[in-house]
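Here is the structure we will look at.
Bear in mind the structure is a predicted one, so any value in this text is a computation, not a measurement. Proteins come first, then strands; the chains are lettered A, B, ... in the order of their sequence lines, and each starts at number 1.
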Amino acid sequence: MSSAHKNKLNPSQKEAVSHPGGPLLVLAGAGSGKTRIITERIAHLIDIERVRPFNILAVTFTNKAAGEMRERLERLIPGQARNLWIGTFHSICLRILKREADMLEGFGKDFVIYDPGDQIKVIKNCMAELNLSEKVFAPRSVRAFIDGAKNKGIDPADGAAGLYDRKVLEIYEAYEAAMRKSNALDFGDLLNLTVRLFSENREALEKYQTQFHHILVDEYQDTNRIQYMLVELLSRKHKNLFVVGDDNQSIYGWRGADIRNILDFENDFPQAKIIKLEENYRSTKTIRDAANRLISKNTRRHEKNLWTGNVRGERLYFYLARDEKDEASGIAARIRSLTGEGYQRNQIAVFYRTNNQSRVIEEEFLRQGVPYKVVGGTGFYERAEIKDILAYMKFIANRLDEISLRRIINVPPRGIGKSTIDNLTQISKSENMPLFDAAIHAVKKNLLPPGPLSRVRRFSNMITGLSQYAREHDIGELLDHMLQETGYLELLEKEEERRENVGEILNLAAEFEKTGDSNRLPDFLDWISLVSDVDTFDEKTDRVAFMTLHSAKGLEFPVVFIVGLEEDLLPHINSIKNGDVEEERRLFYVGLTRARKRVFLSSASTRRIFGSEQSQMPSRFLSDLPEEAVEYESFESANGGTQRTSGTHPAGRRRHRPARSAATVGKYRVGQKTSHPKFGQGIIKSVEGSGDDARVSVLFPGYGVKKIMAGYLSG
DNA sequence: CTGGACAAGCTTTTT
DNA sequence: GCTTGTCCAG
């Protein structure tokens with residue numbers, strides 16, 4: 001069985017899959033079958049080496065990848081995949097922490113997980129307490145500081161120097177104390193507390209070291225310091241660490257991903273072996289060439305030479321749009337013609353740098369009636385009603401959760417306003433008890449005016465009742481009951497859209513129950529805190545997928561659109577300022593290499609940013625692509641230099657008149673590529689005059705439009 | 001205590 | 001341009 005499908009592997013892949021043991025780094029180029037290698041490796045370990053599934057730990061980057069891996073394994077080695085430990089670093093740490101909760105100092109086993117929004121609220125509360133202005137210490141940057149420290153696994157006091165730092169440190173300490181009081185962990189805590197547990201508790205470490213005979217890590221290029229520490233600790237005993245990654249696809253530097261993890265693997269793990277996978281099975285030659293050329297402009301990287309036996313395929317297409325609306329309608333029109341050619345919509349994806357770019361494109365798709373689905377972003381889990389409902393559930397599960405309590409205590413409005421809450425906060429402080437206990441205490445001892453008192457009593461009785469109910473019923477029943485009891489359903493009466501979102505959460509509950517592992521509230525909460533939108537993304541429904549370039553990692557599509565190829569957007573202005581342009585280039589590389597057959601690029605000449613129109617320069621990355629691999633067109637050339645009226649787009653119009661016949665003057669054709677000794681390669685936007693006296697307007701990526709005498713141009 | 005009106009600040013990227 | 005937070009009248 002196993003040997004039968006191993007035949008389909010190439011020699012390097014085979015070597016990796018049947019690696020005898022010890023540390024192994026598989027340097028796998030884009031589309032070289034990375035995830036497949038891990039799956040086959042696990043199947044090999046179980047089937048041939050007779051390793052028990054329970055003794056294997058596999059770490060993936062998303063829960064979706066984990067689920068898919070489990071499914072594939074279920075097919076390769078039926079009945080054995082269940083006991084494998086597969087998941088993201090976060091979900092695996094959570095699982096360990098829940099099991100070992102007794103050993104956790106300062107937290108109870110029913111702890112909840114706070115998302116970044118909750119974190120910000122905690123920080124704001126702490127700062128108010130410390131009398132620190134949000135002007136001087138932006139809560140967002142404080143959060144970034146806290147996260148950064150946790151990702152690096154360092155004591156935040158280590159880096160502190162000036163007064164500012166000392167104040168931020170004070171906030172940090174207050175934050176940590178508040179989190180303990182609320183019995184809540186943030187994402188960083190999941191990793192840090194696990195590592196701390198292992199460093200401080202020999203027995204616990206021993207237990208997991210013994211259990212995990214084999215540890216496999218996917219997307220190793222995006223692991224950070226704390227994740228490295230975890231893997232290093234756990235693999236010390238058996239030393240069977242199998243990691244797969246591609247330094248060219250490292251795009252999470254801002255989250256503490258440390259490229260040294262992959263570059264220094266051989267030093268960190270003695271006797272480590274390295275295997276390179278350089279055959280790309282995914283893309284056409286043209287796409288692979290373009291991606292190779294692009295990434296070769298980066299300096300810090302392992303040398304790899306990605307090749308493919310696939311066909312050459314069509315050229316990449318670049319469209320210079322007038323503005324972001326023109327860009328959006330160009331995409332929609334193009335997709336309509338692609339579906340006309342026989343492509344399914346779910347074979348197509350649109351990638352962008354920042355989430356807000358999706359809005360304009362969505363509007364245009366709605367107008368043109370092209371079905372789409374936005375994956376990730378400020379999506380489902382950010383919506384107020386979803387947060388409200390989750391806050392109810394979290395609070396029912398953990399009555400120390402102050403952030404959730406504050407969120408729900410007056411939603412829907414039940415007459416418990418600011419002054420009552422202030423009163424309760426006061427009592428909680430003076431009596432040194434959690435906020436909810438203070439509420440119960442206040443009711444018992446008549447510490448509030450009669451009106452508020454009876455309203456607080458009703459609220460606390462309701463919560464007590466719901467907690468009781470939660471213990472005796474499953475998630476679906478609890479949700480129904482809760483919506484009824486809290487009056488939330490009534491609140492939604494008039495609002496169609498919000499009701500639909502609430503309906504969605506019922507679906508999620510059903511999906512969770514389908515996993516069959518549990519129907520308990522705490523398990524549901526754990527699950528939902530760690531599933532992201534990408535995880536529930538279903539590629540089978542016939543809709544175009546919209547997502548950020550970051551979310552696109554690990555996916556592939558026959559047709560890929562990458563939009564907003566502009567200076568300050570891709571590369572993003574902040575990265576340019578920080579000198580991180582190479583990571584931005586890798587991001588573009590990740591986008592390109594998702595594509596199997598076709599790539600469509602675009603940028604807008606002007607774009608609305610913060611409400612005002614800004615002139616945009618085409619991205620410098622455009623000139624990193626091989627000239628012959630790209631077909632260029634601009635909104636001007638597409639319309640013969642005349643004013644465009646709505647509805648005339650290169651894509652929509654193409655079948656009547658191909659782009660080749662765009663306005664031509666002498667040897668210079670609008671839309672054609674040319675180059676200049678100082679500005680490099682550019683695209684011709686318009687031409688005046690003819691012969692060597694012609695004055696040509698050329699758009700140079702990174703420089704903008706320049707008027708040049710024809711004699712200075714070449715190509 | 002509630003809800004509406006207005007101002008301010010905002011956009012990288014995510015487990 | 002949009003969303004979030006703040007202020008004030010009812």
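- Proximity of Ile96(A) to Thr194(A): side-chain heavy atoms (C-beta onward) are separated by under 4.5 Å at one or more points.
- Legend: residues meeting ring pair (Phe, Tyr, Trp, His ring centres under 6.0 Å) with Phe61(A), ordered by chain and number and at least two apart, are Tyr252(A).
- Counting to the nearest Å, the C1' atom of dT14(B) and the CG atom of Asn224(A) are 12 Å from each other.
- Under the salt bridge (charged side-chain N to carboxylate O under 4.0 Å, His left out) criterion, Glu566(A) pairs with Arg607(A), not counting sequence neighbours.
- Without hydrogens or angle criteria, Asp189(A) side chain to Asp186(A) main chain gives a donor-acceptor distance under 3.5 Å.
- If you take OH of Tyr228(A) and C1' of dT15(B), they are 21 Å apart, rounded to a whole angstrom.
- A straight line from CZ of Arg143(A) to P of dT13(B) spans 12 Å, rounded to a whole angstrom.
- Of the candidates dT15(B), dT14(B), dT12(B), the closest approach to any side-chain atom of Asn574(A) belongs to dT12(B).
- The ring pair (Phe, Tyr, Trp, His ring centres under 6.0 Å) test applied to Phe198(A) returns Tyr208(A), not counting sequence neighbours.
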What pairs of nitrogen or oxygen atoms, one from the protein and one from nucleotides 2-6 of chain B, lie under 3.5 Å apart?
from, atom 1, to, atom 2, distance (Å)
dT2(B), OP1, Gly415(A), N, 2.8
dT2(B), OP2, Asn410(A), ND2, 2.8

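- With sequence neighbours left out, Asp568(A) forms a salt bridge (charged side-chain N to carboxylate O under 4.0 Å, His left out) with no residue at all.
- Dashed line: the shortest gap from a side-chain N or O of Asn355(A) to OP1 or OP2 of dT14(B) is under 4.0 Å.
- Here the P atom of nucleotide dT14(B) and the CD atom of Glu219(A) are 15 Å apart, to the nearest Å.
- Where Thr88(A) and Ile421(A) each meet DNA chain B at their nearest nucleotide, the meeting point lying more 5' is that of Ile421(A).
- Between Tyr372(A) and Phe546(A), the ring-plane angle classifies as parallel under the 30° and 60° cut-offs.
- For Phe436(A), the ring pair (Phe, Tyr, Trp, His ring centres under 6.0 Å) partners at least two apart in sequence or on another chain are Phe395(A).
- The side chain of Ser551(A) sits closest to dT14(B) out of dC1(B), dT15(B), dT14(B).
- Protein atom CD of Glu584(A) is 8 Å distant from nucleotide atom C1' of dT12(B), rounded to whole Å.
- Counting only residues at least two apart or in different chains, salt bridge (charged side-chain N to carboxylate O under 4.0 Å, His left out) contacts with residues 84-97 of chain A are absent.
- The phosphate of dT12(B) has neither OP1 nor OP2 within less than 4.0 Å of any side-chain N or O from Ser575(A).
- Nucleotides of DNA chain B nearest to Ser419(A) and His550(A) differ in position, and the one nearer the 5' end is that of Ser419(A).
- Between the side-chain ring of Trp254(A) and the base of dT13(B), a stacking contact exists by the 5.5 Å and 30° definition.
- Distance check on atom P: dT4(C) versus dT13(B) gives 15 Å, rounded to whole Å.
- Going from atom CG of Leu569(A) over to atom P of dT12(B) covers 11 Å, rounded to whole Å.
- Separating the CD atom of Gln119(A) from the P atom of dT15(B) is a distance of 14 Å, rounded to the nearest angstrom.
- Every residue two or more places apart in sequence or in another chain that forms a ring pair (Phe, Tyr, Trp, His ring centres under 6.0 Å) with Phe187(A) is listed here: His90(A).
- When rounded to the nearest whole Å, the span between CG of Asp115(A) and P of dT14(B) equals 14 Å.
- Nucleic acid contact class of Phe89(A) (heavy atoms, under 4.0 Å, all strands): none.
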Using a cut-off of under 3.5 Å, enumerate the N/O to N/O pairs linking the protein to nucleotides 1-7 of chain C.
from, atom 1, to, atom 2, distance (Å)
dT3(C), OP1, Arg359(A), NH2, 3.4

